[in-house]
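Side chains included, hydrogens not; waters and symmetry mates left out as well; all remaining heavy atoms used. Since the model is a prediction, treat every value here as computed from it, not as a measurement.
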Amino acid sequence: MERREKHYSEDNLIAAINEVEKGHSIHSVAKKYSIARATLQWKLKGEVVLATKKGPNPIFNKKQESNISFWIASMANAGFPITKEILMHSVAKLAKECKISFPGRNGLPGRKWFESFNETASEH
């Protein structure tokens with residue numbers, strides 16, 4: 001059986017759950033928010049965790065990632081664009097200050113972290 005990716009936001013899922021809890025039918029709410037009926041049922045029963053993401057847990061929390069993005073944008077706006085190398089060393093320094101460690105030998109974030117951060121930053 002082929003597994004399909006979700007095409008709904010966490011906000012829509014929460015709104016859908018709230019509507020069902022207020023008495024609306026699961027079928028009509030699932031259709032309204034384009035959420036699979038079975039998925040909505042599983043979320044309501046607690047069989048599937050409400051907010052789940054694929055992959056490893058993030059190194060930084062949302063506030064820390066937002067601060068990194070803000071710093072990058074501020075520096076670029078001031079005429080000092082941040083290179084990948086500067087970003088990696090600055091992020092490693094921030095991680096050390098926050099007592100967070102990156103897996104690997106040199107303490108620097110890896111290629112996968114950089115690519116994931118780029119994807120996340122471009123979404124905002």
Legend entry - Under 3.5 Å: donor-acceptor pair, side chain of S69, backbone of E65: yes
Legend entry - Trace of the side chain to side chain contact (heavy atoms under 4.5 Å, CB included) decision for L108 with F114: CA-CA 10 Å; L108 293 174; F114 178 75; over 6 Å; no
Inset, instruction - Using side chain to side chain contact (heavy atoms under 4.5 Å, CB included) as the criterion, list what pairs up with N12, not counting sequence neighbours. - result: S9, Y33
Legend entry - From CD1 (I68) to CH2 (W71), nearest 0.5 Å: 8.5 Å
Inset, instruction - Would you check if Q41 and L44 make a side-chain contact, meaning some heavy-atom pair closer than 4.5 Å? - result: no
Inset, instruction - Calculate, to the nearest 0.5 Å, the distance between atoms CD1 and CG belonging to I35 and L13 respectively. - result: 5.0 Å
Legend entry - Set of salt bridge (Lys or Arg N to Asp or Glu O under 4.0 Å) partners for E115, sequence neighbours left out: R111
Inset, instruction - Could you check F102 against I59 for side chain to side chain contact (heavy atoms under 4.5 Å, CB included), going step by step and ending with a plain yes or no? - result: CA-CA 8 Å; F102 285 98; I59 300 289; 3.7 Å; yes
Legend entry - With sequence neighbours excluded, residues passing side chain to side chain donor-acceptor pair (under 3.5 Å) with S66: none
Legend entry - Qualifying residues under salt bridge (Lys or Arg N to Asp or Glu O under 4.0 Å), relative to E19, sequence neighbours excluded: K32
Side-chain donor-acceptor contacts of residues 77-100 below 3.5 Å, not counting sequence neighbours, with atom names and distances?
residue	atom	partner	partner atom	Å
N77	ND2	A73	O	3.3
T83	OG1	I86	N	3.1
S90	OG	I86	O	2.9

Legend entry - Sequence-distant partners of S28, side chain to side chain donor-acceptor pair (under 3.5 Å), two or more places apart: S25
